Amino acid sequence: MTDMLVHGHGDAKYRTGRRLTSNVDWSSLRVECWRHEAGRLNDVHLDCTEVAVLMAGQLQVRRTGNGETQEAYGRPGTAWICPAGTTETDIQLSAPMEEVVHIFVPATLMEETALTAYDIDPGMVRLGYAGGLDDALLVQVAATFRSILERGIETTDRLLADGMRAALAAHLVSNYSAERWQPKEPRLGPALEPVRLKRVLDYIDAHLSRELSLDELAAEACLSQFHFARLFRDATGLTPHRFVTERRVAVAKERLRAGRLPLAEIALLTGFGSQSNFNRVFKRVAGCSPGQFRR
């Protein structure tokens, strides 16, 4: 694998956001972690391939790459791929992206992977402009890099980074080539329109400190409970109960990072009712206790 320094385009594309950690650079790999505010992002031409994985936040994302417009609902674990050579315009975020891991790799990495791993003519490999992805491997790679960003890079991380880079490149070539990847077919039948969905999401955020019922969320969308539950899951990939739980945990993480409030007060502010319930649910969703996460 040819070593080269990757110059990401984060500073040009994400001027309305802010970095949450220092970036890390290895040969043929750059990783950054950002928060992006709602609104329009800068247009940019990509000289390297970017993989973005949303770690916290829920929102509607609209973007256009080389004239192809996409819309997708983003929640923790949703990923987007922007191939090198793409001119990306009209990027609209309906709400803040609270935490996003951006992975930048050179265009030549895909070509070398195609040749060495799959014996494919590098000239035949072109990644698709793929978005709204639910891909466990991309999430795992992003989570691993985020843990390195949060604790600081160590000398032993080079070997890990090389392995993750190779796995990522092989995964992209084998699953997201322009010929292989196709966007999902538009859903037939009624859907939860973006305006109604945003109204419900705003309502959830505004009342997160108390118990929420399916009936009041359905009323906010002007739908019956049955139709709301089905359409909400179609739109977000989660049941209303699971969505609210993950939202409570995401907001709790932000308060824990601030490091000021006692755990019992955070439990009340995020609607868990008690510290014991907060500990139990947070550990189930996040994989560690609130105290461990804060440390």
Side-chain angles (χ1 to χ4, degrees), residues 13-14 16-17 34-44 50 52-82 86 88-100 128-135 138-139 181-208 212-251 254:
K13 184 177 179 181
Y14 303 124
T16 60
W34 286 75
R35 173 188 170 93
H36 308 304
E37 302 303 328
R40 190 177 190 277
L41 302 184
N42 286 357
D43 298 347
V44 66
E50 176 187 5
V53 182
L54 182 63
M55 309 304 286
Q58 289 94 21
L59 73 160
Q60 199 78 19
V61 177
R62 176 187 173 91
R63 64 179 193 157
T64 300
N66 292 342
E68 175 190 342
T69 299
Q70 290 180 353
E71 287 195 50
Y73 181 79
R75 61 184 181 86
T78 303
W80 291 264
I81 298 170
C82 306
T86 301
E88 202 168 28
T89 59
D90 192 30
I91 310 167
Q92 302 279 352
L93 310 181
S94 67
M97 281 183 153
E98 295 167 16
E99 184 179 11
V100 193
Y129 186 63
L133 308 174
D134 183 11
D135 188 313
L138 295 182
V139 175
W181 183 82
Q182 294 295 329
K184 293 179 181 179
E185 291 294 326
R187 186 182 178 278
L188 299 177
L192 190 57
E193 302 95 329
V195 172
R196 291 196 194 193
L197 178 61
K198 185 178 185 305
R199 195 161 65 228
V200 173
L201 299 184
D202 289 345
Y203 184 88
I204 291 172
D205 279 350
H207 300 86
L208 206 60
L212 290 167
S213 69
L214 181 62
D215 182 59
E216 64 184 300
L217 297 183
E220 195 66 22
C222 301
L223 294 168
S224 69
Q225 291 187 38
F226 173 78
H227 284 98
F228 170 73
R230 179 170 58 83
L231 296 180
F232 187 88
R233 183 165 187 170
D234 287 343
T236 66
L238 297 172
T239 65
H241 174 264
R242 181 60 186 268
F243 182 94
V244 171
T245 298
E246 291 197 2
R247 186 64 187 143
R248 292 191 199 279
V249 170
V251 173
E254 291 296 316

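Predicted, not measured: the structure shown is a model, and the values here were computed from it.
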Close side-chain approach of R196 to L231, heavy-atom, < 4.5 Å: no
G57 versus P76, closest heavy-atom pair with distance: O-CD, 3.3 Å
Non-hydrogen atoms of A229 and L214 that approach each other most closely: CB-CD1, 4.5 Å
To the nearest 0.5 Å, atom CD of E99 lies from atom CD of E254 at 7.5 Å
W80 versus G131, closest heavy-atom pair with distance: CD1-CA, 3.5 Å
Any side-chain heavy-atom pair from V200 and I204 closer than 4.5 angstrom? yes
Sequence neighbours excluded, which residues qualify as salt bridge (charged side-chain N to carboxylate O under 4.0 Å, His left out) partners of R247? E98, D205
Partner residues of R242 under the salt bridge (charged side-chain N to carboxylate O under 4.0 Å, His left out) criterion, sequence neighbours left out: E246
What's the spacing between L93 CG and L41 CG if we round to 0.5 Å? 4.5 Å
Between CZ of R199 and SG of C222, what distance do you get to the nearest 0.5 Å? 5.0 Å
Atom pair CD1 (I91) and CG (N42), whose distance is rounded to the nearest 0.5 Å: 8.0 Å
In Å, rounded to the nearest 0.5 Å, how long is the span from CG of D234 to CG of L197? 11.5 Å
Just jot down the salt bridge (charged side-chain N to carboxylate O under 4.0 Å, His left out) partners of R63, sequence neighbours excluded, or say none. E88
Is there side-chain contact between E37 and P96, with at least one heavy-atom pair below 4.5 Å? yes
Smallest separation among heavy atoms of V53 and A79, with atom names: CG2-CB, 4.1 Å
Verify the neighbour count for atom CZ of R75: are there more than 12 heavy atoms of other residues, nucleotides or ligands below 6.0 Å? yes
Tightest non-hydrogen contact, residues L212 and R248, listed as N-NH2, 4.1 Å
Look only at the side chain of R62 and the backbone of D90, and say whether a donor-acceptor pair between them is shorter than 3.5 Å. no
Drop me the distance from L201's CG to F232's CZ, to the nearest 0.5 angstrom. 5.5 Å
Any non-hydrogen side-chain atom of Y73 less than 4.5 Å from a side-chain atom of T78? no
Would you say the side chain of N66 lies within less than 4.5 Å of the side chain of Y129, judging by non-hydrogen atoms? no
Considering all heavy atoms, the nearest G132-A72 contact: CA-CB, 3.7 Å
Quick one, H36 with V100, criterion side-chain contact (heavy atoms from CB on, under 4.5 Å). Give me CA distance, side-chain angles, the key distance, then yes/no. CA-CA 8 Å; H36 308 304; V100 193; 3.8 Å; yes
